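Letters A, B, ... are given to chains in the order of the sequence lines, protein chains preceding strands, and every chain is numbered from 1. Computed from heavy atoms alone, side chains included, the values below leave out hydrogens, waters and symmetry copies. Quick caveat: nothing in here was measured; it's all calculated off a predicted structure.
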There are 2 protein chains.
Amino acid sequence: MAGIKDVALRAGVSAATVSRALSGNGKVSPGTRARVQQAAEELGYVVSFNASSLASGRSRNIGVVVPTVSRWFFSTVLEGIAGELINAGYDLTLYDTGGQEQHRASVFSDLLLRKRLDAVITVTLKLSDDEVRQLASVDKPVVAIGGFIPDIATIRVDDFNTTTLLTEHLIELGHTRIAFLGGSEEFDVDFKLTTARQDGFEYALDQANLEVRPEWLLAANFTTEGAYRKIRSLLSMPRERPTAVVCASDEMAFGALMAARDSGIDVPGELSVVGMDGHDLSELFGLTTFSQDARSQGIWAVRKILELLGERALERDPTDGFYPTEFVVRSTTAPPARP
Amino acid sequence: MAGIKDVALRAGVSAATVSRALSGNGKVSPGTRARVQQAAEELGYVVSFNASSLASGRSRNIGVVVPTVSRWFFSTVLEGIAGELINAGYDLTLYDTGGQEQHRASVFSDLLLRKRLDAVITVTLKLSDDEVRQLASVDKPVVAIGGFIPDIATIRVDDFNTTTLLTEHLIELGHTRIAFLGGSEEFDVDFKLTTARQDGFEYALDQANLEVRPEWLLAANFTTEGAYRKIRSLLSMPRERPTAVVCASDEMAFGALMAARDSGIDVPGELSVVGMDGHDLSELFGLTTFSQDARSQGIWAVRKILELLGERALERDPTDGFYPTEFVVRSTTAPPARP
DNA sequence: CTGAAAGCGCTTACAG
DNA sequence: CTGAAAGCGCTTACAG
C-alpha cells in the first residue's frame with residue numbers, strides 16, 4: 001500500500017508538502033499541489049487515519065450512542081446522522097447499548113474515552129452525574145438528542161407540551177375516560193421520556209378536572225407488541241373501559257390499534273387513539289399524532305457538532321428552543337359514543 | 001490524560017512492560033502485572049487506539065456497510081453485529097450508503113480503504129467486480145450477509161427455495177391467480193434479492209403449469225407504504241383480481257394487508273397474503289411467512305470475521321450452506337373462495 | 001512556498 | 001521476565 005513517502009518521491013517533493021497539499025492545511029503552490037494530487041491518484045494513495053490522527057490529534061470520527069437501533073426514532077435519527085457525517089467526510093462509530101447495563105458501562109469507560117473520537121452524539125440517553133463529569137473531563141464536544149442533560153447542547157422536542165395538547169384534543173372531543181400508555185420504569189433507565197410525556201398527560205387531565213386513574217396508566221416499553229398485549233388485556237376487562245388512549249409513541253399506538261381490531265372494538269367509534277412521533281406508517285394507520293422530524297434532528301446534531309469542532313457555523317440554532325413538531329389530526333380520533 | 005509513561009513511572013517499570021501487562025501479549029510476571037494494572041486503574045489510563053493501531057497494525061475496528069438502517073432486516077442484523085462486537089471489544093464503524101450512488105462510491109474509495117479497519121461486513125450489498133478486486137487487494141477479511149459474492153464468505157438464506165415453497169403453499173391451497181410483490185430494478189442496485197425471490201416465485205408457478213402474468217408482477221422497493229399503494233391500486237382495478245399475493249418481505253406484506261383492509265377485501269377470504277422475513281410484527285398481523293433470524297445472522301458474521309482475524313475458531317459454520325429458515329403458517333392464507 | 005526534523009503514543013523484535 | 005530502542009505513517013512548528 002502506497003505511503004506518503006511514495007507520493008513524495010513520485011511528485012518530487014517532501015512528505016511535508018504532500019501532507020499540506022492533500023490536507024489543505026498550509027500553503028502550497030498550485031503547480032505543486034497538482035503534481036502531488038496526480039501522484040497520489042496514480043498510486044491510489046489514501047492517508048492513514050491512525051497516523052494522521054495520532055500526529056494531529058484529530059480523528060474525523062464521531063461516536064454515536066443509541067439505546068437500540070431497531071425502533072423508529074433511533075434508526076431514523078441515525079440515518080440523518082450517518083448521511084450528514086458522510087457528507088462531512090467523518091467516520092461514524094456506533095455504540096448500541098442494547099439497553100444492557102454492562103454494555104453501557106463498557107461503552108463509557110472503555111470505548112468512548114479511548115481517544116479515537118473527536119466528539120459524541122448521544123440519543124435519548126440518560127447520563128449519570130458521574131458520566132457527565134467523565135465526558136466533560138475528556139473535553140470533547142457532546143450533543144444530546146432527546147431529553148435534557150445539564151451543560152450539554154441538546155436537541156429535543158417538547159415532550160410535556162405535545163402530550164398535553166394531544167390529551168386536550170381528546171378532552172375537547174368530549175372524552176373523560178382516557179388511558180395512557182408509556183414505558184416502564186425499567187425502560188426509563190435510558191431516559192426520562194416517559195416521565196415527561198406522562199406528566200404532560202396528567203397535567204391536561206388535571207386542568208380539565210378529570211381524574212387520573214392508576215389502573216389506566218399502562219407501560220409497554222415502547223414496543224408495538226407490548227402495547228398490543230396491554231391494550232388487549234385492558235379491553236378484555238369486564239369493567240368500565242376508557243374511551244380513548246394516549247400513547248407515548250406511534251409504534252405503541254399501532255399496537256393499540258391492532259389490539260382494538262382484534263378485540264372487535266371500533267376505532268374511533270368506541271375508542272380513540274393518539275400517538276406521538278410521526279412514524280412513517282402513521283399515515284397508513286390513519287393515526288392522529290404529533291409528528292417530529294427525527295431525521296432532521298440527526299442532521300442538526302451533526303451540524304452542531306461540526307460547529308463545536310470549528311468546522312462550520314450554524315446559521316440558525318434549533319437547540320436554542322425545542323425542535324419543531326406538528327400536530328396531525330387523522331382518523332383515529334372522534335367524539336366518544338354517547339352511552 | 002494519563003499516558004503509558006505515567007503508568008510506567010507509577011508502577012516502576014518500563015513502558016514496554018506496561019504495554020505487555022495490559023495487552024496480554026508477551027510474558028509478564030504476575031506481580032508486575034498486578035502493579036501495572038493497579039497503576040493504570042488509579043490513573044484512569046486507557047490506551048490510545050490510534051497509537052496502538054499504528055504501532056501494531058491492528059485496529060480492533062470493523063466496518064459495517066448497510067444500504068439503510070431503517071428497514072427491519074438491516075436494523076436487526078446491525079443489532080446482532082453491534083452486540084457481538086461490543087462483547088469482543090471491537091469498535092463498529094457504520095457506513096450507511098443510504099441507497100445513494102455517490103455515498104457508495106465514497107464509502108469504497110475513501111472510507112473503507114482508509115486503513116483504519118481490520119475487516120468489513122457488508123449487508124445485502126451488490127459489489128462490482130472492481131469493488132471485489134479493491135477489497136481483495138486491501139487484503140482484509142470480508143464477510144457478506146445476504147446474497148452471493150464471489151470469493152467472499154457469505155451468510156444468507158435460500159431466497160429462491162423459500163419463495164418457491166411459499167408459492168407452492170398457496171398453490172396447494174388451490175390458488176391459481178397469484179401476484180408477486182418485489183423490489184424495483186432501481187432498488188436492486190443494492191442486491192439481487194428481488195431477482196432470486198422472483199425467480200423462485202416464477203419457478204413454482206411454472207412447475208404447476210400456471211401462467212406468470214406480467215401485470216401481476218409488482219415492485220415496491222421493500223417499503224410498507226410502497227406496497228400499500230401498489231396493492232391498493234391492484235385491488236381497485238375493475239378486471240379480474242388475483243386471489244393471493246406473494247410479498248418479497250414482511251414489511252411489504254403489511255402494506256398489502258392494510259391495502260386489502262382499506263379496499264374492503266377480506267383476508268384470507270378474498271385474498272391470501274404471504275410474506276418473507278419473520279418480522280417482529282408478523283405475528284400480530286397473523287402473517288404466513290418464512291422467518292429468518294436476522295439478529296443471529298449478524299452475530300454469525302461477527303464470529304466469522306473474528307475467526308478470519310484469528311481471534312477464535314468457529315464451532316460450526318453456518319456459511320457452509322444456507323442460513324436456516326422456518327416456515328410459519330398463520331391466518332393470512334386460506335383456500336380461495338369458490339366463485 | 002518548501003524541507004528537515006521532532007514528535008504523536010504506542011508495540012515489538014532484539015538482547016539480556 | 002524485562003528494558004532500550006526503533007519504528008508505525010503521518011503533521012506541524014521552525015527555519016529558510
side-chain contact (heavy atoms from CB on, under 4.5 Å) filter on A/Asp6, not counting sequence neighbours, yields A/Ala2, A/Leu43

Sorted by chain and number, sequence neighbours left out, side-chain contact (heavy atoms from CB on, under 4.5 Å) with A/Ser29 holds for A/Thr32

By side chain to side chain donor-acceptor pair (under 3.5 Å), A/Arg10 pairs with (sequence neighbours left out) A/Glu42

Per the under-4.0 Å heavy-atom filter, residues of residues 4-19 of chain A near DNA chain D come out as A/Ile4, A/Ala16, A/Ser19

Each base of DNA chain C marked ( ) or [ ] if paired in-strand (Watson-Crick or G-U under 3.5 Å), | if paired to another strand and . if unpaired gives |||.||||||||.|||

Rounded to whole Å, the CZ-P distance (A/Arg20 to D/dC14) equals 14 Å

Rounded to whole Å, the CG-C1' distance (A/Leu54 to C/dA6) equals 13 Å

Interatomic distance, CG@B/Asn25 vs OG@B/Ser19, rounded to 0.5 Å, equals 7.0 Å

Residues in residues 22-41 of chain B with a heavy atom under 4.0 Å of DNA chain D, by number, are B/Lys27, B/Val28, B/Ser29, B/Thr32

Residue pairs meeting side-chain hydrogen bond (donor to acceptor under 3.5 Å, both in side chains), one or both in residues 73-82 of chain B, sequence neighbours left out, come to A/Thr68-B/Glu79, B/Trp72-B/Thr76, B/Glu79-B/Arg295

For this session: Respond yes when some side-chain nitrogen or oxygen of B/Arg58 is under 4.0 Å from OP1 or OP2 of C/dT12, and no when none is.
Result: yes

Residue set satisfying side chain to side chain donor-acceptor pair (under 3.5 Å) with A/Arg60, at least two apart, ordered chain then number -> A/Glu311

Sequence neighbours excluded, the answer for side chain to side chain donor-acceptor pair (under 3.5 Å) partners of B/Gln292 is B/Asp277, B/Gln297

Residue set satisfying side-chain contact (heavy atoms from CB on, under 4.5 Å) with A/Ala34, at least two apart, ordered chain then number -> none

A/Arg20 meets the side-chain contact (heavy atoms from CB on, under 4.5 Å) criterion, sequence neighbours left out, with A/Ala16, A/Thr17, A/Val28

The side chain to side chain donor-acceptor pair (under 3.5 Å) partners of A/Asp118 (sequence neighbours excluded) come to none

